[in-house]
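Heads up, the thing below is written out as structure tokens.
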Number of protein chains: 2
Amino acid sequence: MSNFEAFFDYIQEISGKLLSADDKHLLMAHFKPKKLRKRQYFLQEGDVCKYIGFIVKGSARTFTVDEKGHEHILKLSLENWWLADFESFYLLTPSRFNIEALEDLEVLQSTNAQIEEFLKHIPAFSAMANVISQNYTIANQKRVQAAMSYTAEERYEDLISNYPHFLKRFSQNMIASYLGLSPETLSRIRKNSLK
Amino acid sequence: MSNFEAFFDYIQEISGKLLSADDKHLLMAHFKPKKLRKRQYFLQEGDVCKYIGFIVKGSARTFTVDEKGHEHILKLSLENWWLADFESFYLLTPSRFNIEALEDLEVLQSTNAQIEEFLKHIPAFSAMANVISQNYTIANQKRVQAAMSYTAEERYEDLISNYPHFLKRFSQNMIASYLGLSPETLSRIRKNSLK
DNA sequence: CTATTAACGTGATTTAGGTCACTACCCTGA
DNA sequence: TCAGGGTAGTGACCTAAATCACGTTAATAG
């Protein structure tokens with residue numbers, strides 16, 4: 001399956017280790033391909049996040065809805081990213097987040113229990129998990145810092161330089177919400193920075 | 001050393017595994033006690049974060065200074081927390097952060113290379129690392145969400161309910177900066193919420 | 001092929017929170 | 001013992017960004 005080829009490549013590249021034929025069979029046996037159409041939910045608020053998904057194709061957003069009905073996007077995800085509310089996934093508590101497909105979505109998904117098995121038995125998988133966890137920590141650290149210390153304009157500039165491809169794949173509304181801005185403010189920022 | 005006893009207890013409690021006598025000797029051989037006086041720096045901006053420290057006693061803040069000279073506190077740390085800029089520590093890049101003792105500080109510190117050894121040879125240590133990494137991911141996720149979707153007042157309420165002991169150990173100036181607020185705003189919020 | 005709905009732009013107005021200025025109260029150290 | 005830095009409270013003012021209101025165009029569904 002070409003789905004799995006891309007997945008295997010990803011694991012090997014991130015981990016710097018090779019997957020054996022057995023490793024691959026184990027992964028193929030327990031990662032299930034799943035398709036979601038645009039606007040379908042991978043996870044709904046209140047549910048436990050039973051599955052973690054690896055995005056093969058498409059995009060998604062992770063967001064909350066506050067008491068005033070406003071949506072706040074916590075994460076935008078594309079190909080070769082993992083999809084889950086890790087708090088809910090690790091602790092098996094009901095999630096405070098929604099994860100929704102923004103484009104038709106193909107993921108490979110598995111359960112917490114299975115992931116534990118992969119970590120134990122597949123060295124490349126476990127090495128990958130460590131690297132990803134580091135990357136997440138770093139990315140989150142940056143994001144907190146940006147949210148707290150940067151102005152709206154600086155956060156947008158930051159996004160442009162770090163994730164330029166986001167602008168192609170996500171609507172301005174989504175980007176604005178991801179940056180913690182109103183769509184109007186983002187529109188004005190773009191206008192000013194065109195000069 | 002009573003220092004190490006608390007450290008060993010912590011590892012065993014978090015990991016759910018026991019440390020052997022050999023494990024303990026290995027840890028004692030390569031975690032060095034270090035004392036910092038109030039206002040001394042554990043890490044300075046521009047330096048590579050060569051050491052990770054486990055706080056035995058005292059408190060510290062991790063902060064940046066922006067172009068206008070304003071300080072932004074990213075993290076406040078107390079006993080039984082780890083002290084490091086993980087980005088710099090993992091990637092060996094110059095840090096964008098400062099870590100400063102807010103009270104006289106006692107840490108047990110070690111290097112990246114040594115940590116790799118502990119992870120390989122001490123199962124309890126490696127299990128602890130996994131749990132901590134999960135906790136960090138969860139805490140960071142919450143903090144990003146709070147920074148993006150909550151008002152100043154909600155963030156303060158959130159702090160009170162999640163980290164009430166922070167109020168006893170850190171000055172209002174520090175709390176304000178941690179919450180991304182001016183000291184004046186925090187002072188007014190406190191006044192209003194007293195009613 | 002219309003009819004909606006989503007996406008983006010732009011002006012007028014409001015507001016949360018920042019900035020500046022001044023006061024009072026500890027501490028801590030010479 | 002007293003001076004000076006750190007800490008907190010409060011008023012007056014300012015500004016970045018949200019909100020509200022409206023148009024325009026582009027995309028999508030029936």
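Just so it is clear, the structure is predicted and the values come from calculations on it, not from any experiment. Labels below follow one simple rule: chain letters A, B, ... track the order of the sequence lines, proteins then strands, and each chain is numbered from 1. Just so it is clear, the values below take in all heavy atoms, side chains as well, and ignore hydrogens, waters and symmetry mates.
Here the nucleotide nearest the side chain of K191(B), chosen from dT10(D), dT19(D), dG11(C), is dT10(D). With distances taken from any side-chain atom of S171(A) to the nucleotides dC8(C), dT19(C), dG9(D), the minimum falls on dC8(C). Nearest to the side chain of S187(B), among dT19(C), dG9(D), dG11(C), sits dG9(D).
For the pair Q172(B) and dG9(D), the criterion of a side-chain N or O lying under 4.0 Å from OP1 or OP2 is met. Within the 4.0 Å cut-off from OP1 or OP2 of dA17(D), not a single side-chain nitrogen or oxygen of T185(A) is found. Residue K38(A) places no side-chain N or O under 4.0 Å from the OP1 or OP2 atom of dA6(C).
The base of dC20(C) is paired with the side chain of E184(B) by a donor and an acceptor separated by under 3.5 Å.
Atom C1' of nucleotide dA16(D) and atom CD of E154(A) are separated by 12 Å, given to the nearest angstrom. Atom CE of M148(A) is separated from atom C1' of dG18(C) by 15 Å (rounded to the nearest Å). Rounded to an integer number of Å, the gap from CD1 of I189(B) to C1' of dG18(C) is 12 Å. If you take CG of N173(A) and C1' of dA7(C), they are 6 Å apart, rounded to a whole angstrom. The CG-C1' distance, from L181(A) to dA16(C), rounds to 15 Å in whole Å. Taking atom CE on M174(B) and atom C1' on dT7(D), their separation rounds to 10 Å, with Å as the unit. Summarising the geometry, the separation between CG on L186(A) and C1' on dA18(D) is reported as 14 Å, rounded to the nearest angstrom. With rounding to whole Å, R188(A) atom CZ is found 9 Å from dT10(C) atom P.
Using modelled atom types, one side-chain atom of S88(A) and one backbone atom of T93(A) make a donor-acceptor pair closer than 3.5 Å.
Judged purely by distance below 3.5 Å, without hydrogens or angles, the side chains of D23(B) and S20(B) pair a donor atom with an acceptor atom.
Annotation: cation-pi pair R169(B)/Y163(B) absent, no NZ/CZ under 6.0 Å from the ring centroid and within 45° of its normal.
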- Between F7(B) and F31(B), does a ring-ring contact (aromatic ring centres under 6.0 Å, His included) hold up when you go through it step by step? CA-CA 10 Å; F7(B) 183 41; F31(B) 268 99; 4.9 Å; yes
- Query: What do the steps show when you test Y178(A) against F170(A) for ring-ring contact (aromatic ring centres under 6.0 Å, His included), and what is the final call?
  - Reply: CA-CA 10 Å; Y178(A) 176 77; F170(A) 300 107; 8.3 Å; no
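Among the atoms of the strands shown, base atoms are found under 4.0 Å from some heavy atom of S182(A).
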